[in-house]
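Below, each value reflects all heavy atoms present in this structure, side chains not excepted, and no hydrogens, waters or symmetry copies. Every number for a ligand or one of its atoms is a count from 1 in the order of the listing.
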Amino acid sequence: MTDRPRNVAVIGAQWGDEGKGKIVDLLCEDFDVVARYQGGHNAGHTVKFADKHFALRLIPSGIIHPQKLCLLGNGMVIDPEALLEEIANLRAAGVVIEENLLISDSAHCILPYHKALDLAREEAAGTAKIGTTGRGIGPAYESKAGRYGIRIADLLDPDVLRQKIEFTCAERNAVLRDVYKRDTFDPKKLYDDYLRFAEQLAPRIINGTVWINEQIRAGKRVMFEGAQGMMLDIDHGTYPFVTSSNTVVGGVCTGLGVAPKHIHEVIGVAKAYTTRVGGGAFPTELNDAMGEHLRKRGNEFGTVTGRPRRTGWLDLAVLRTASTINGLDAIALTKLDVLDEFEEIRICTAYKVHGKTWNTFPAFAVAHHDYQPEYKTFKGWKSSTAGMTTFEELPAEAKDYVRFIEDETETRVTIISTGPRREETILRRS
Ligand code: GDP
Ligand code: IMO
Ligand code: MG
């Protein structure tokens, strides 16, 4: 038995793509189970080591490690076809996927009409569009909240599946046809397709809540892998420019059926600067050569959609909000190396909105985009930190940068990432 916290949640502390995949992969050696609790294949988590490169969407990043058991929790929305494709791709890359991948029977299914509705709505919204990943995530969570969603368990009961598909397809078809002038779906074909997917997925489908609690009772160590980021949370993010699930740590309880007392540590993953994909407020955004430099050097292009990510300075109002809502025990600061070439680096310490100063994210101001960020300017270190593995090696300016973040968020930075690979990491705690 070690004195480390047994179960740890790794969550995004900004707008997603913070490097959660890398951190989960790095830490999961010490864990037995890796579980996702929300989201779907809108996520794109990158894992790199040596000459290997994997992009995970639905499957927890722990799958790369043989012996780790991976669960897709009830809080997720799963496109069975996308899942089967991901399994096939990972197997082709040499990853073993057998009894180590399990799916909660209470997770919800994404159907093709969800995706069609997502795309149709985005197009109809014009400039007010959210900039979704177009995977049907929002409409699938709507079906869930509307209580007519199709759950994974329904795939195992052909009569129930047929009835549910007939009912929901008729209704969604009417919206697609009459509101959006789009093609409709044949329920018979959907039924046949989903029955086929069900056959292939059936051996993995379990009661995820019972299973994960058995693991916890048996003393197994569980890592909870968040998708997206805290600012994309449906309740706490920059609504309506958010995803449709609870990305915050509270989502672990509802999205897996795990009691709060079983979450022993929460690690917030944050980039050393900020990015976001899609629309919505971004107070520290840089629409200039410096923003372009961050995008190029940080390779800031979406893992799922390939879209260029918006880039900007680190925002402490965001991190303080993430720290409070998630009770962060530690921060994993990623992509420090991307800042290596700047003469000066800025950190936003607060915003002025209509004359009032905010040092956490003000929900009411989201729609106005009227932020005046207050910055502290740091001298750049102008030398390579790429691949460094000890804190002592870092240039003094980089150390100051990290310490300032710790002071302002009152949270320790225990991991510093200095490159995309597993081995390019500074661990500041044994
Ligand atoms: P996630 O969605 O939070 O898992 O993050 P993504 O995988 O979508 O995006 C993070 C990107 O940054 C990936 O391409 C990673 O390989 C890369 N990355 C992660 N950490 C570092 C780092 O410390 N330095 C650099 N240069 N790249 C990193
Ligand atoms: P990972 O897990 C970054 C964004 C989309 C859009 C909004 C809603 O890789 O960090 P959705 O398709 O979920 O309805 O889109 O959320 N978004 C992400 N941005 N990283 C992600 O995942 C994201 N998943 C969704 O760009 O703005
Ligand atoms: Mg990503």
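The nearest protein atom to atom 27 (O) of ligand 2, hydrogens excluded, is given as Val277 O, 2.9 Å; this is a heavy-atom distance. Here the protein heavy atom with the shortest distance to atom 25 (C) of ligand 2 is Gln228 CG, 3.7 Å. Nearest non-hydrogen protein atom to atom 12 (O) of ligand 2 is Thr133 OG1, 2.6 Å. Looking from atom 15 (O) of ligand 2 to the surrounding protein, the closest heavy atom is Thr132 CA, 3.3 Å. For atom 20 (N) of ligand 2, the closest non-hydrogen atom of the protein is Asp17 OD1, 3.2 Å. Looking only at heavy atoms of the protein, atom 11 (C) of ligand 1 is closest to Lys335 NZ, 3.5 Å.
Ile415 has its side chain within reach of Leu27: a pair of non-hydrogen atoms, C-beta onward, lies under 4.5 Å apart. Put simply, the side chain of Ile345 reaches to within 4.5 Å of the side chain of Trp313, judged on heavy atoms.
Neighbours of the Mg ion (ligand 3) restricted to protein N, O or S atoms under 2.8 Å: the count is 2.
Trp381 pairs in a side chain to side chain contact (heavy atoms under 4.5 Å, CB included) with only one of the listed residues (Lys399, Glu341, Glu397), which is Glu397.
Only the backbone of Trp15 comes within contact range of ligand 2, with a heavy atom under 4.0 Å; no side-chain atom does.
In this comparison of Leu232, Thr243, Asn42, the heavy atom closest to atom 17 (N) of ligand 2 sits on Leu232. The closest non-hydrogen atom to atom 26 (O) of ligand 2, taken over His41, Arg307, Arg36, Arg309, comes from Arg307. Counting heavy atoms only, Gly44 comes closest to atom 8 (O) of ligand 1 of the residues Gly16, Gly226, Gly19, Gly44. Atom 6 (C) of ligand 2 has its nearest heavy-atom neighbour, among Gly237, Gly278, Gly131, Pro240, in Gly131.
Atom CG of Asp183 is surrounded by 12 or fewer heavy atoms from other residues, nucleotides or ligands within 6.0 Å.
For the pair His45 and ligand 2, the shortest N or O to N or O distance falls below 3.5 Å. Remark: ligand 2 and Val242 share no N or O pair separated by less than 3.5 Å (distance only, no angle test).
Listed by number with element, the atoms of ligand 2 under 4.0 Å from a non-hydrogen atom of Gly44 are 1 (P), 9 (O). Taking a cut-off of under 4.0 Å to the non-hydrogen atoms of Ala227, the atoms of ligand 2 that pass are 2 (O).
Look at Asp337 and you'll find a heavy atom under 4.0 Å from some atom of ligand 1.
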